[in-house]
Amino acid sequence: MSEEKNLNFIEEIVETDLNEGKYKSIITRFPPEPNGYLHIGHSKSICLNFGLAKKYGGSTNLRFDDTNPVTEDTEYVESIKDDIKWLGFEWSNEFYASDYFDTLFEYAVTLINKGLAYVDDSTSEEIATLKGTPTEPGKDSIYRSRSIEENILLFNEMKDGKYKDGEKVLRAKIDMAHTNMLMRDPIMYRIKHAHHHRTGDKWCIYPMYDFAHGQSDSIENITHSICTLEFIPHRELYDWLIEKLNIFPSHQYEFARLNMTYTVMSKRKLLQLVNEGHVSGWDDPRMPTISGFRRKGYTPLSIRNFCDKIGVAKRENLIDLSLLEFCLREDLNMTAKRVMAVLDPVKLIITNYEEGKTEMLTSENGPDESLGHRSIPFGKELWIEREDFMEEAAKKWFRLAPGALVRLKSAYIVKCESFEKDSDGNITAIHCTYIPESKSGQDTSGISVKGTIHWVSVKHAATAEVRLYDRLFKSENPAAEEGDFKEYMNLDSLHIINNAYIEPSLTTANLEDRFQFIRKGYFCLDKDSTTEKLVFNRTVTLKDAWSKEVKKG
RNA sequence: UGGGUUAUUGUGUAAAGGUAGCACUACAGAUUUUGAUUCUGUCUGUCUAGGUUCGAAUCCUAGUAACCCAACCA
């Protein structure tokens, strides 16, 4: 019945559940821990969870998994909300695991009363030792046989702050010889005399992930609790707790997390890059964080399309960065306004053009008519790109060289007559003549040229700082390399151009605007911009067939 | 050496016993006032070995490889 739909395995599960009447509608959740910024991997999960609810008419909760007060902060809560909104999703409810601390405490008491939980006074080392290894069974703690009454008393004392951090824990009583390590009497509660960003100092005991997550899902009537592969072993415990507590049976499903070439995706590693100053912050445009991509000029649509294309499955993957860039260019190509900017300038002088004359030329803002037109000032002296001139033309060279003709975009065809060099051999000026009949849009010259180059009028140019970003890592998969992942960083990942020349229309650019600097790439204004100094970030380069031609030799 | 999960072209993902498809990448060509875009075309694949079947990526058996699990993290 769904032959042409090509559903992913989770959509198939949802459709089956819906068709069989297991649920009337579905509820999913996105459950970040507020201890860091969201990255592109999270956007896969966000698109999956929110996308599922949208597709099947359900709803999605945003739930902060804030069970560890020492690593969490409201700064992260705010950034996470911003990122999800920016991506274009709306949650039905904003919840916190900490909303359920009272309920969770009652659940723990229930388990104690059923003889399924006990207070253990062992140190963490003792607990680790008695836990055994994957190949050897663990051993029971001497505290495992405490009476229900004693456990209730002790657990309440834990809550009341009678004990110091680490003195006692509450554990589920399952099976110390279980083949699944997580079932060997997992810790449910630990003592942490720490200030929580939401509950303040109300609690000094906090539930572990396993004792909070499934129950939170259950409380919210989550039908499909979707997480990544490394949580597969947790599912058995997830189900065990729901069964013993006899609460709404949410179900956990696991998919493979996103990995991408030339970057790292673990929060720990990203935090390290920030803390050690390898990048300027979580939103450094080289970071794979959502805020980093946003600052770099990525669009929400491009990221959503990307998440759509990569699919959802259970095998380990390493997605080509080029697919993300394809999705980006696909979007930007349709929407970005075309403008001209010269990043590495050299002066071009039109010897037969009237001194001091300014001509306003009309240029289209993009391939789509709806983007409209603008006028650009043209004059006798122009800045052009240094790399668009070659003293001795290479084969298949379509740009400027002595004697060669080239079209100045939206202006005239010029012919290179001569050039000047300084004592170091650098080109300092190029002298051309222009063909007055070749004016763009009213060309009667009958001349056709192979190359078109961009330019900015010297007299009218504004200046700007332009930041060119490259991949942060030289290795395709730095996390999988030998040694420290930071050894594989690309030390040349940021190139700053202090004085690029930009066409005057760019001086009124806004933060949300997207531009294509013709022939140079896509750019956007950076938040560091001031009225005195504009700063542009390169979002992504254009595809470049010429550089490949050059490499071929 | 225990348990769990996964193997389809360079990458990712479809095909639920019946033509191995799609996208990205790469390559070639056409168009182009962006060496962009657009358009056309080309290349490479079912982890291995057996078996069942008219027919196997799919079912069976035995291997192999990768990843996850021994935090009072999530």
Side-chain angles (χ1 to χ4, degrees), chain A residues 3 6-8 12 31-33 35 65-68 70-72 120 122-124 127-129 131-138 165-171 178-184 187-192 205-206 208-210 212-213 227-236 254 256 261 267-268 309-327 329-330 333-334 338 340 363-364 366-367 396-399 406-411 413 438 440-441 443 448-454 476 516-521 541-549:
Chain A
E3 287 163 9
N6 278 350
L7 302 176
N8 67 51
E12 280 180 4
E33 182 189 12
N35 69 344
D65 233 331
D66 56 349
T67 57
N68 186 3
V70 301
T71 57
E72 296 153 8
D120 194 327
S122 309
T123 64
S124 60
I127 288 176
T129 308
K131 198 161 200 173
T133 69
T135 52
E136 305 160 50
D165 288 11
E167 277 189 6
K168 286 180 165 48
V169 292
L170 183 74
R171 305 177 71 177
H178 203 109
T179 51
N180 181 351
M181 297 291 290
L182 274 152
M183 298 296 276
R184 322 245 260 228
I187 292 169
M188 296 159 55
Y189 267 91
R190 76 286 214 190
I191 299 169
K192 273 182 196 279
I205 58 169
Y206 292 93
M208 297 285 289
Y209 165 85
D210 286 300
H213 201 98
C227 61
T228 47
L229 252 28
E230 64 270 28
F231 289 95
I232 289 176
H234 294 253
R235 191 176 59 227
E236 198 171 8
E254 310 87 6
T261 54
K267 249 186 217 175
R268 203 194 99 251
K309 283 188 205 289
I310 58 178
V312 178
K314 296 188 82 154
R315 61 173 137 154
E316 292 287 327
N317 58 76
L318 184 62
I319 311 263
D320 260 326
L321 173 63
S322 58
L323 180 60
L324 213 209
E325 293 186 335
F326 166 81
C327 295
R329 293 189 184 108
E330 187 183 40
N333 178 48
M334 301 304 294
R338 269 59 171 177
M340 293 199 280
S363 186
E364 73 285 353
K396 292 193 193 169
W397 176 257
F398 303 151
R399 310 174 348 195
V406 81
R407 156 86 55 189
L408 296 171
K409 172 71 183 169
S410 298
I413 292 174
S438 67
S440 188
D443 186 345
S448 72
V449 292
K450 275 281 211 178
T452 299
I453 64 172
H454 60 282
E476 276 209 332
Q516 184 193 103
F517 289 4
I518 290 179
R519 303 207 304 135
K520 295 272 75 177
T541 59
L542 259 26
K543 285 182 78 174
D544 185 1
W546 172 246
S547 70
K548 283 176 190 165
E549 191 67 38

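In the text below, chain A, chain B and the rest are named by the order of the sequence lines, each starting its count at 1.
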Going from CH2 on A:Trp546 to CZ on A:Arg399, what distance comes out if it is rounded to the nearest 0.5 angstrom? 6.5 Å
For each nucleotide in nucleotides 69-74 of chain B, reading 5' to 3', give B when a protein heavy atom comes within less than 4.0 Å of its base, S when such contact involves only the sugar-phosphate, and - otherwise. SB-BSB
In whole Å, what separates the C1' atom of B:G12 from that of B:U44? 15 Å
Residues in ring pair (Phe, Tyr, Trp, His ring centres under 6.0 Å) with A:His234, at least two apart? A:Tyr209, A:Phe231
Say you draw a straight line from OG1 of A:Thr261 to CD of A:Glu476; how long is it, rounded to the nearest 0.5 Å? 5.5 Å
Contacts of A:Ser410 meeting side chain to side chain donor-acceptor pair (under 3.5 Å) (sequence neighbours excluded), chain-then-number -> A:Ser363
Distance col, row A:Arg171:CZ vs A:Ile187:CD1, nearest 0.5 angstrom, shows 6.0 Å
Polar atom pairs between nucleotides 33-37 of chain B and protein, under 3.5 Å, N or O only, would you list them?
residue	atom	partner	partner atom	Å
B:U33	O4'	A:Thr452	OG1	3.2
B:U33	O2'	A:Lys409	NZ	3.4
B:U33	O2	A:Ser410	N	3.1
B:U33	N3	A:Ser440	OG	2.6
B:U33	O4	A:Arg407	NH1	3.2
B:U33	O4	A:Ser440	N	3.4
B:U33	O4	A:Ser440	OG	2.7
B:U33	O4	A:Gly441	N	3.0
B:U34	O2	A:Gln516	OE1	2.8
B:U34	O2	A:Arg519	N	3.0
B:U34	N3	A:Gln516	OE1	2.5
B:U34	O4	A:Arg338	NE	2.5
B:U34	O4	A:Arg338	NH2	3.2
B:G35	OP1	A:Arg519	NH1	2.8
B:G35	O2'	A:Ala545	N	3.4
B:G35	O2'	A:Trp546	N	3.3
B:G35	N7	A:Arg399	NH1	2.6
B:G35	O6	A:Phe398	N	3.1
B:G35	N1	A:Lys396	O	2.8
B:G35	N2	A:Lys396	O	3.4
B:U37	O2'	A:Asn333	ND2	2.9

Taking atom C1' in both B:A30 and B:U46, what distance in whole Å separates the two? 35 Å
Who passes side chain to side chain donor-acceptor pair (under 3.5 Å) against A:Ser122, sequence neighbours left out? A:Asp120
With sequence neighbours left out, the residues meeting ring pair (Phe, Tyr, Trp, His ring centres under 6.0 Å) with A:His454 are none
Who passes salt bridge (Lys or Arg N to Asp or Glu O under 4.0 Å) against A:Arg338, sequence neighbours left out? none
Tell me, please, which residues at least two apart from A:Thr71 pass side chain to side chain donor-acceptor pair (under 3.5 Å). A:Glu33
Quick one: pull up CD1 in A:Ile453 and CD1 in A:Ile518 and give me the separation to the nearest 0.5 Å. 12.0 Å
Rounding to the closest angstrom, what is the interatomic distance between B:G18 and B:G2 at atom C1'? 42 Å
Pairwise P distance for B:U53 and B:C60, with rounding to whole Å: 16 Å
Please identify each residue that fulfils side-chain contact (heavy atoms from CB on, under 4.5 Å) with A:Met334, with sequence neighbours left out. none
Could you tell me the separation between the CZ atom of A:Phe326 and the C1' atom of B:C24, rounded to a whole number of Å? 7 Å
What interatomic distance, in whole Å, is found between P of B:U1 and the corresponding atom of B:G63? 12 Å
Using a 3.5 Å limit on both distances, find every run of at least three consecutive Watson-Crick or G-U pairs that involves RNA chain B. B:2-7 with B:64-69, B:10-13 with B:21-24, B:26-30 with B:38-42, B:47-51 with B:59-63
Among all residues two or more places apart in sequence or in another chain, which pass the side chain to side chain donor-acceptor pair (under 3.5 Å) test with A:Lys396? A:Glu549
Any donor-acceptor pair under 3.5 Å from A:Glu72 side chain to A:Asn68 backbone: yes
Rounded at 0.5 Å granularity, tell me how far CZ in A:Arg519 sits from CG in A:Leu542. 10.0 Å
Roughly how many Å apart are B:A20 and B:U5, using the P atom of each and rounding to a whole number? 31 Å
Separation of the C1' atoms in B:C43 and B:A7, to the nearest angstrom: 24 Å
Donor-acceptor pair (no angle test) under 3.5 Å: A:Glu330 side chain, B:A23 base: no
Using atom C1' of each nucleotide, how far apart are B:C24 and B:A62 to the nearest Å? 37 Å
Between the protein and nucleotides 10-13 of chain B, list every N/O to N/O distance that falls short of 3.5 Å.
residue	atom	partner	partner atom	Å
B:U11	O3'	A:Leu318	O	3.2
B:U11	O2'	A:Leu318	O	3.0
B:G12	OP1	A:Leu318	N	3.1
B:G12	O2'	A:Ile310	O	2.9
B:U13	OP2	A:Arg315	NE	3.1

